[in-house]
Amino acid sequence: MAVTTTLKLPEALKARIAPLAEATGKTPHAWMIEALEERVAHAEAYAEFMAEALEADREMTETGEGYAAEDVHEYLRAILAGKEAKRPKPVKL
């Protein structure tokens with residue numbers, strides 16, 4: 001169910017949105033809803049990425065194990081080249 005929210009926009013911003021919405025065949029309202037949905041999805045993905053990174057850092061600190069950068073780079077280059085690659089093995093830091 002949709003809820004009503006009042007959003008006060010600076011006139012200059014509203015003027016910039018109107019032609020962008022029109023170019024996509026959307027109303028300014030629909031265009032702004034889409035923009036907000038995209039921004040929320042981006043913020044949620046970033047928060048999830050950061051949580052995973054912090055957990056990986058915590059685990060690395062706790063175990064003292066990590067991956068040598070050159071091993072990871074070699075692995076990624078092989079994957080990007082479409083070659084079969086063995087995953088790097090953790091090393092003691």
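Every heavy atom of this structure was used, including side-chain atoms; hydrogens, water molecules and symmetry mates were not.
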Between CG on residue L7 and OG1 on residue T4, distance to nearest 0.5 Å: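 Those atoms lie 12.5 Å apart.
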Heavy-atom pair of closest approach, residues A85 and A78: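 Here A85 and A78 meet closest at CB-CB, 3.6 Å.
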Listed once per pair and sorted, the salt bridge (charged side-chain N to carboxylate O under 4.0 Å, His left out) pairs that draw on residues 64-73, sequence neighbours left out: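 Qualifying pairs, neighbours excluded: none.
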Spacing of M50 atom CE and D57 atom CG [to the nearest 0.5 Å]: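 Separation between the atoms: 10.0 Å.
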Side chain to side chain contact (heavy atoms under 4.5 Å, CB included) partners for R58, two or more places apart: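 Checked R58 against side chain to side chain contact (heavy atoms under 4.5 Å, CB included); matches are E55, E62.
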Single-linkage hydrophobic cluster L13~L20, side-chain heavy atoms < 4.5 angstrom: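 Same hydrophobic cluster.
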Side-chain donor/acceptor of K92 to backbone N/O of G66, under 3.5 Å: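 Side chain of K92 to backbone of G66, a donor-acceptor pair under 3.5 Å: no, none is there.
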Exercise answer: donor-acceptor pairs, residues 30-44 side-chain atoms, under 3.5 Å, sequence neighbours excluded:
from	atom 1	to	atom 2	distance (Å)
E34	OE1	K26	NZ	2.5
E34	OE2	K26	NZ	3.2
R39	NH1	H42	ND1	2.9

Closest approach of Y67 to P88 (non-hydrogen atoms, all atoms of both residues):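 Of all heavy-atom pairs spanning Y67 and P88, the closest is CE2-O, 3.3 Å.
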